[in-house]
Every structure is written in structure tokens, then in C-alpha cells.
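Here is the structure we will look at, set down as C-alpha cells.
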Amino acid sequence: MVDFTLTDEQKALRELAHDFAEKEIRPVAWEYDRDGTWPGEIVEKAWEVGLMNTHIPEEYGGPGASYLDGCLIEEELSWGCSGIQTSLGCNGLATAPILLAASEEIKKEYVGRLTEAPLLASFCLTEPDAGSDVSGMRTTAVRKGDKYVINGSKCFITNGGYANWYTVYAKTDKDAGHRGISCFIVPKDAGVVVDKKEDKMGQRASNTATISFNDVEIPADHLIGEENYGFKVAMMTLDRTRPGVAAMATGIARAAFEFATEYSKERVQFGVPIAMHQAIQFMIADMATEIEASRLLTWKSAVLLDNGQRNTLVSSHAKRFAGDTAMKVTTDAVQVYGGYGFIKEYPVEKLMRDAKIMQLYEGTAQIQRLVIARETLLPRQIAEPQPATV
Ligand code: COS
């Protein structure tokens, strides 16, 4: 039987997240967007009330919430502001490779740290010349005795300017394509340099930085998983985090839908509220259906993980569909507002700008289609990564 009923605990978690979004995020979201400032106070409050790091298992100090629980939280917080949620949720992306493949000592030290204080971690995969094409990365890690020496530069790094440690992908065999990439954990104080904060179209409250590694030395046991196995660790990570992005996209779309619905009942043209015009009704109807479908795909992609099943295909379905839906729904919400939708004083133009990144980060809408096509045409068996033996 398929039952979409949430447990009482899940309902309470969703309510907690909604309440936080309504009281702590919404009232300041448009200010943070305007100024592009760091929401440090909100990060600390969210950490205090337990809305960060919910995915961390109990043995490392977290509550060990399920992937579905995480999606419930992510939708609500993104309904408040997806830029702020990106800052709050990024630890999930940075820790996923560690939880997948690191040794117990590394998990306890670095993942555990995030539960002891409101610290942040970043995930460093993308480079200026290697975005969708992960194998094209140029950052290198060279083994020297009991250390690795890392050199290179990473861009578009969420929370990059505020992270305590970084999950970093680097080439350990330059000639081996995707089979020459390894994953490392790099503490900030090992000499990581934060070069530049990006000035973005949307999600302006989140910190997006370029960072570089100039002869940064880390102990050899900071290798995550086997050497040259990093590409798979990255792909498995994205399988686990794309449901969360889909949930965020659903939250943005829902916020825009609610604003547009309310506005359409108030705005009078041709003697009646515009909600009485079929042209508007059909837009509202399509928004409602697509948001519902986004949520169902998101939940399915998370529940597969919770059941220990591979979710590559469904997580790409969810990320692709929910991302495209967020863009479409927010664009239509601006349309419902008419000329006012284009004005910053009204809420929906921010949502339209925020939605765009949903079709870009953690794999563009085109990369999701590539994955869907491959998984559909050539489904494959994938082995789980093993902890590093150094
Ligand atoms: N889980 C585990 N392993 C996977 C996997 C997955 N979901 N997907 C692919 N692999 C494995 C394959 O099995 C293959 O293994 P072998 O070396 O044993 O053959 C290997 O990884 C290479 O796979 P593939 O041939 O599909 O790799 P491509 O270079 O063609 O790249 C895409 C695949 C394009 C899908 C990948 O590079 C990608 O996801 N790019 C987007 C990256 C991204 O999301 N960036 C955003 C930055 S994070 S904010």
C-alpha cells in the first residue's frame, strides 16, 4: 500500500520548520535579498532549535532524521527564503560524502563538530572550467609521505566564506579522467584562501565564494573513500542531496503560488477580481498541479533512499521537474501580478530570481535530463564506496 500520510513526528517537524520560516525568515528575507548580507543570526537560531544538521546520525551527535524528514524541513524553510535555506542546508551536502565513505575517526571529528557548535562546512566540486563536466577539474592532490598537497581553485562554493571545513575533490591521477579524482576533507585552518564573494541574481542571502588551495597540506587520512574513487562519491552524494533541492524548489513555487492566489482575489480588473477570469484561473490551476507533482516526486526520491534503494533516476526526475516548475510558477506569479510583479516592492520578483538557481545548481536541468536518459536507456549496477585505507 502507498500511503502519503505523515507521522505525528513528521507533522510536528514540518510545523516547527514552518513556524521558524514564518517568524524568523519571512520578515527579514527581502532585506537580506536587497543587501546581500550574511544571515548569521538566523543560522545560529536555526542551529539552536534543531533545524540544521538533521541528517546527521545519532552516533555523531545528530538526530538521524530521514531523507523525507529533511525534505519536509527544506520545503518549509525555502517557502520562507530559499537563499537562507541554502545557507542552512549546505552542511547536508558537505557531510554526505563523509557519511558515505570516510573512516569512523573522520566522521566523529568533523561531522560531530557540526553538532557541537553552529559551524558550517562546504562542498567543493565545481571549478571555473569544470561545471557539468566534473572530470575536467584541474585541482590536484599529490601524495607526499603521510600528507596530500592540494593546489587549485573552486568556484560557486556555498558558504565558502564561512566554512570551518571543506569537502574537496581533486585529481590524484591527471590522466585517468573520472577515475583519477579523489575526495578529501580540508580544514579551513590548513590554509584555505577565500578569494571572492559572488554578487548574484537570486538567493542573495547565501554566501557563494571562490576559494583556492595553494600548497595546502592535509594528513593522508583525510582522504575520503578510496583514492581515485571520488567521482563516484560525488555522484552518490548528489543522488542523496538532489531530493532536498527539489524540496526547496517546491517551497519557492508554493510561496509564489500563495502570493499569486491571494493577489488574484484582491486585484480588480474589468469590474471583478482577476481570479474570476479564466485566463488567471488556468494559470493558478497549472501552478497547483505542478507543485503537487513536484512534491510527490520529491517525496518518492527521498523515500527510496530511506528504504535503502538507489534513487538516481527518481532524484533526477524530482530535481528536474521541481526546478523547472519553480521557474515556471514564479514566472507565472509575476504574470498574475502584471506590471506590479516586475516591481521590487512586491514579493514575487525575488521568488522568480531565486527560482533560477534551481535549474542550475547540483546539476543543471540538462544534466538531469542526461541522467534520466541514461538511466532509462542503460540502467546500471553501482557499488557502494568503501572507507579509505591509508
Ligand atoms: N552513483 C554512483 N556512481 C555513478 C553514478 C551514481 N549516481 N553515476 C555515474 N556513476 C559512475 C558510473 O558507473 C561510472 O563508473 P565506472 O568508472 O565504473 O565506469 C562513472 O561514475 C562515470 O559515469 P559516467 O560515464 O556517467 O560519467 P560522465 O563523465 O559521463 O558524467 C554526469 C556524468 C554528466 C551525469 C556527471 O558528470 C554530473 O552529474 N555532472 C553534473 C555535476 C553537478 O551536478 N555539478 C553541480 C555541482 S555540485 S553544487
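Counting starts at 1 for both ligands and their atoms, following the listed order. Throughout, residue positions are numbered sequentially from 1 according to the sequence presented.
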- Query: Do F184 and Y166 have ring centroids that are under 6.0 Å from one another?
  - Reply: no
With the threshold set at under 4.0 angstrom, would you say R242 reaches ligand 1 through any of its heavy atoms? yes
task: Return the orientation label for the Y340 and Y346 ring planes: parallel under 30°, perpendicular over 60°, tilted otherwise.
output: tilted
Ligand 1 atoms nearer than 4.0 angstrom to some heavy atom of D239 are 1 (N), 6 (C), 7 (N)
**Report entry** Short side-chain to backbone donor-acceptor contact, R26 and W79, under 3.5 Å
**Finding:** yes
inquiry  = Under 4.0 Å, counting heavy atoms only: does Y361 come that close to any atom of ligand 1?
reply    = no
T126 heavy atoms within 4.0 Å reach ligand 1 at atoms 47 (C)
Note to self: Test your reading of the model: is there a side-chain donor-acceptor pair from K319 to the backbone of M358, 3.5 Å cut-off?
What the structure shows: yes
Quiz item: Is there a donor-acceptor pair closer than 3.5 Å between any side-chain N or O of S122 and the backbone N or O of T158?
Solution: yes
Ligand 1 to L238, heavy atom cutoff 4.0 Å, flagged ligand atoms 43 (C), 44 (O)
A student checking ligand 1 against L370 at a 4.0 Å heavy-atom cut-off should list atoms 34 (C)
One finds that the ligand 1 atoms under 4.0 Å from a non-hydrogen atom of V134 are 37 (O), 40 (N), 42 (C)
Residues 210-219 vs salt bridge (Lys or Arg N to Asp or Glu O under 4.0 Å), sequence neighbours excluded, gives none
G363 heavy atoms within 4.0 Å reach ligand 1 at atoms 43 (C), 44 (O), 46 (C)
Within 4.0 Å of some non-hydrogen atom of T312, the atoms of ligand 1 are 7 (N)
When every non-hydrogen atom of P243 is compared with those of L238, the smallest separation belongs to CD-O, 4.5 Å
Check: of R374, H178, R310, R240, min heavy-atom distance to atom 26 (O) of ligand 1 comes from R374
Under 4.0 Å between heavy atoms, the region of F231 that gets near ligand 1 turns out to be side chain
In terms of heavy-atom contacts, A170 and T140 come closest through CB-C, 3.8 Å
Under 4.0 Å from one or more heavy atoms of V371, ligand 1 contributes atoms 35 (C)
